[in-house]
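Whatever order the structure lists ligands and atoms in, that order sets their numbers, starting from 1.
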Amino acid sequence: MTPSRKYTVVVVGCGKRGLHHADAFVKNGRFELVGLCDIDPERLQAAARQFGNPAASLEAGPLVRDTRPDVFCFCTLPNLRLEMIRLGVECGAQLIAYEKPIATSTNEALEIMKLVRKAGVRTVVSHQHRYGEHYQRVKAIIASGAIGRVHTVYGTATGWMMHMLTHLVDYTRWFIDNAEAEWVVGQAAGKGKFSDNHPSPDYIAGFIQYANGVRGVVESGEGAPDVPEVEAWWRKCRIGAQGTEGFAEVLTGGGWRAVTRDSGGVIAGPGNMDYAHDMPPYVQEMVGWLDDPAKVHPCNGENAYKGFEIMMAICRSAVQRGKIKLPLSPGEPELEALARTL
Ligand SMILES: NC(=O)c1ccc[n+]([C@@H]2O[C@H](COP(=O)([O-])OP(=O)(O)OC[C@H]3O[C@@H](n4cnc5c(N)ncnc54)[C@H](O)[C@@H]3O)[C@@H](O)[C@H]2O)c1
C-alpha cells in the first residue's frame, strides 16, 4: 500500500458528531468521502450539499454494500452500535470509527469485540478531548515524573453517565499508561435520566483499583462537584492525577493547573475543549494506523472497551453491592438492572 493513497470513507449519522467527522475526513486530504447516510432526509440533504454531494442514502446497508469503504464511520446515538459494527465488518472495512459509549451493556460490548477481533478490523472510538492542549499538557507533566509517583487519578463531570463517564475513565487511564483495573466499587442514585437518549442513573460514583496500585475515583451526573471556574455546563469536568510530589489537572472548559516538585506554587495555562482543534489530529492518527499497522491509534477500541468495562462494573457494583472484579463476563444488562434496583 502506498502511503499516499486515499482511503474511502462513509459516514452514517449526520447529526452533530457525524458532521464533525465528515468535516475532519474531508479536510484531512487522505480520505475520500464516498457516502453519507441519515434517516432524516433534511439532515442528509444538507450534509450532502455541505460535503460536495457524495452518494447519499436513508439506509446504511445498501450504501456500504455499494461503496465498500475502507473506513466505516458511524455517529448514531448509543442505542445503535452492534448492528452498525456488523455492517462495517460485513462490508470489509479496514477501520471502523465510532462514538462513545461503545455499547449499552457488557453483553453488547463483548459481542462487538468478538466480531471485530475475529475479522481483524481496527476500531477507533471518539474519546478525542485528549487532543486539547490542556489535556496534552497535563499528560506531559504526569509523564515527566514532575508530580512524583502517581497514587490517585480522578475525574468528575456534571453531565450524566452515558454521555460523560467513559471520557473520564479513558483520560484518567491514559494518565497512568492504560493500567488494567482489578476491581471497582460503585454507587448510583436517581432514575430521572433513564428516559433520556443517553439512559443513565442521575448520579453515579466509582472507586477503581488499578493493577499498578493507583486508585481511580470518578463521579458523573447530578451531584458531581461543580467546577465554578467553567461556565459551559457540559465542560464542568475536572480530570487529574495526584502524586507524591504534586498534582496536575485539566478542566475541560477551563485550562489546566498543577503543582509540581519544582514549580514553587501553582502553575496554570489555557485550553478549552474544541472540536475543530481536536478532530484533525484524531483523524490523522487513523491515517497513521491505516498506513502502518504498528501505529496503533491511542483511541483504539481495545482501550475503549477497558474503559467501558470499568463503567459497567461500577453499575454492577451499585446493583449487587460489593466489589466487582474485572474482567467482566456476560450478565444482566446493566442499565436495566440499575433501573430496576434504584
Ligand atoms: N466524543 C464527543 O466529544 C461527543 C460529543 C457529543 C456526542 N457524542 C456522542 O456521539 C453520538 C451521536 O451524538 P450526536 O450528538 O451527534 O447525536 P445527533 O442526534 O446529533 O445525531 C445522530 C444522528 O443519527 C441519525 N440516525 C439515527 N438512526 C440512524 C440510522 N439507523 N441510520 C442513519 N442515521 C441514523 C439521526 O437522524 C441523527 O441525525 C452519541 O453516542 C454521543 O454520545 C460524542
Would you check whether M162 reaches within less than 4.0 Å of ligand 1, judged by its heavy atoms?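 It does not; every heavy atom stays at 4.0 Å or beyond.
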So is F74 touching ligand 1 or not, going by heavy atoms under 4.0 Å?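 Checking ligand 1 against F74, which is what was asked, there is no heavy-atom contact under 4.0 Å.
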Measure the distance from [atom] to every protein heavy atom, then report the residue, atom name and distance (to 0.1 Å) of the closest one.
atom                    : value
atom 25 (C) of ligand 1 : D38 OD2, 3.3 Å
atom 9 (C) of ligand 1  : E99 OE1, 3.4 Å
atom 24 (O) of ligand 1 : G13 CA, 3.7 Å
atom 27 (C) of ligand 1 : I39 CD1, 3.7 Å
atom 42 (C) of ligand 1 : H198 NE2, 3.2 Å
atom 22 (C) of ligand 1 : C75 O, 3.6 Å

If the cut-off is 4.0 Å to any non-hydrogen atom of [X], which atoms of ligand 1 fall inside it?
X    : result
H129 : 3 (O)
C37  : 33 (C)
R81  : 41 (O)
L80  : 28 (N), 29 (C), 30 (C), 31 (N)
S126 : 1 (N)
Q128 : 1 (N), 2 (C), 3 (O)

Check ion pair E249-R238 (N to O, under 4.0 angstrom): yes
Within the 4.5 Å heavy-atom criterion, are Y98 and I112 side-chain neighbours or not? yes
Given K16, R17, R43, identify the one with the heavy atom nearest to atom 19 (O) of ligand 1. R43
May I ask you to decide if the ring planes of W233 and W160 are parallel, tilted or perpendicular, using 30° and 60° as cut-offs?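 Plane angle between 30° and 60°, so tilted.
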